[in-house]
Every structure is written in structure tokens, then in C-alpha cells.
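One structure is given below, encoded as C-alpha cells.
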Amino acid sequence: MIEFKKVGKIYPNGVEALKDIVLTIEQGEFIAIIGLSGAGKSTLLRTINRMHEVTSGELYVNGVNTRELKGKELRSFRRGIGMIFQSFNLVNKTTVLKNVLTSRVADMSWWKALLGLYSKEDKLIALEALDQVNILEKAYTRADQLSGGQQQRVALARTIAQQPLIILADEPVASLDPITATQVMNDFKKINKSSNITVI
Ligand code: ADP
């Protein structure tokens, strides 16, 4: 459960992006935040995983006051929250599978991560995630050879392989044509239903 308790955010330059936000989101909900450009949607999303610090009020995620997290606890908290952007942020010159596997790096020892020595379990998790978004047959294709919609599916698979409780998606289909956008949104809905992941 995510609870905003009178959350405010004032950026260092004085812009008040959020004011007294009171909002409760249950685990497994599929939520859309709608508003004009500059209304504060991105800021709101980014306070949930502490990419941005709130400046007043309290924000709880699964009973944890996010303002109190630091160091190792903060890093492991962030791992439970996936983030998807309008730009897909894939590594272009490498395969789809390797892109998805990058989400497993946080749980590996540094030298295995450096050498790309992923375990069989990690590979199975990554392939399963690709299957969930219907793009398994592209596992060994280079990321930059895919269409925009396919690339966003890979980004979604990468996030699923991170096994998060929450996915924060900031305008995930804004750069796609309407038909592809609908298909990608349907993938989000499917993942939300089948895995009970909160999608915002
Ligand atoms: P939206 O996602 O709804 O378009 P944003 O959350 O990006 O809105 O922005 C909300 C307000 O905060 C805007 O006025 C924007 O200019 C401002 N803002 C966003 N990011 C920053 C930042 N890093 N520093 C200062 N002001 C910012």
C-alpha cells in the first residue's frame, strides 16, 4: 500500500510541484494520473521511489516511512520498485535478453555482474518475463533492431524480471502510435492482473 499523507514538494528553485497530496493506493491497483503538463505527475511518481525527496508530509510504502530510509535499506527498497520511461532506455547494441538480464545485476556479486555471468535461474526469469510480454522470439535480436512498441515491451520485461511490487510508468506510451500504445497498455494491464503488481 502507498500512502501520501499531506505530501508536499518544493524544488530548490522554489517551484512548488506538489501540495498537500493525500492519496492511498492499494497493492495491485492500476492507477492513471492525469493532468496538464507541469501539473506535477512526474514529481509525484518520483517521490514514491525517492528519486525525488518530499519536502513536507509523510509518504509510506508498505508501512515504511520512505523519508527514514537510507544506505542499504534505501537501495533494497528501490529494487522493489520498477520504473519505465517514455524513452525506453535500452542498451542498443546488445541483445534483448542481455537488456532484460541487467535488471538481475543488483542481486549478483560485483565480479559476476562485471563478467556477465548470469545464473541459470536469472536467465529463466528473464526469458519468462519476455514470454509474458509476448516477445520471447526476439530474445537474441539486437535491441536497436526492434520497433518502438517492441522496445517498450523489452523495457517492461526488464522491469518484470526485477520482480517489483510496484511499477512506476511515466508516460510509457507517449512516443508510440495509437495502436501500438494500446497494445503496450494491454501488456501493462495483463502484468498488473497476473502478478498483482501495482501499476501507476
Ligand atoms: P508533469 O509531469 O505533470 O508534466 P512535473 O512533475 O514534471 O509535471 O513538473 C511539475 C513542476 O515542477 C513544473 O512546474 C516543473 O517545471 C517543475 N519541475 C520539475 N522538475 C524540476 C526540477 N528538477 N527542478 C525544478 N523544478 C522542477
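For ligands, and for the atoms within them, numbers begin at 1 and follow the listed sequence. Just so you know, these numbers use all the heavy atoms, side chains as well, and skip hydrogens, waters and symmetry mates.
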(request) Could you find the nearest protein heavy atom to atom 23 (N) of ligand 1 and give me its residue, atom name and distance? (result) Tyr11 CE2, 3.6 Å
(request) Decide whether the shortest distance between a heavy atom of Gly38 and an atom of ligand 1 is less than 4.0 Å. (result) yes
(request) Quick one: closest heavy-atom pair of Lys41 and Ile33, and the distance? (result) CD-O, 3.6 Å
(request) State the atoms of ligand 1, each with its element, that fall below the 4.0 Å cut-off from a heavy-atom position in Ser37. (result) 4 (O)
(message) Using the rule side chain to side chain contact (heavy atoms under 4.5 Å, CB included), only one of Val154, Asn92, Asn89, Leu130 pairs with Asn99; which is it?
(response) Val154
(message) Under a 3.5 Å cutoff, is there a donor and acceptor pairing between the side chains of Thr198 and Gln27?
(response) yes
(message) Could you identify the single nearest non-hydrogen protein atom to atom 8 (O) of ligand 1 and state the distance to 0.1 Å?
(response) Gly40 N, 3.1 Å
(message) Within the protein, is there a heavy atom lying under 4.0 Å from atom 17 (C) of ligand 1?
(response) yes
(request) Could you see which bit of Val15 sits under 4.0 Å from ligand 1, with heavy atoms only: side chain, backbone, both or neither? (result) side chain
(request) Look only at the side chain of Glu58 and the backbone of Thr66, and say whether a donor-acceptor pair between them is shorter than 3.5 Å. (result) no
(request) Starting from atom 7 (O) of ligand 1, locate the nearest protein heavy atom and write down its residue, its atom name and how far away it is, to 0.1 Å. (result) Ser42 CB, 3.7 Å
(message) Please check this pair: side chain of Lys93 against backbone of Asp144, looking for a donor-acceptor N/O pair closer than 3.5 Å.
(response) no
(request) Could you check which of Ile33, Thr43, Asn13 puts a non-hydrogen atom nearest to atom 6 (O) of ligand 1? (result) Thr43
(message) Need the ligand 1 atom indices (1-based, order shown) with element for anything under 4.0 Å from a heavy-atom of Leu36.
(response) 3 (O)
(request) For Glu121, look at atom CD and say whether over 12 heavy atoms of other residues, nucleotides or ligands are found less than 6.0 Å away. (result) no
(request) Check Gly149 against Val184 and note the closest heavy-atom contact, atom names and distance. (result) O-CG2, 3.9 Å
(message) Geometry only, no angles: is His52 polar-contacting ligand 1 at N/O separations under 3.5 Å?
(response) no
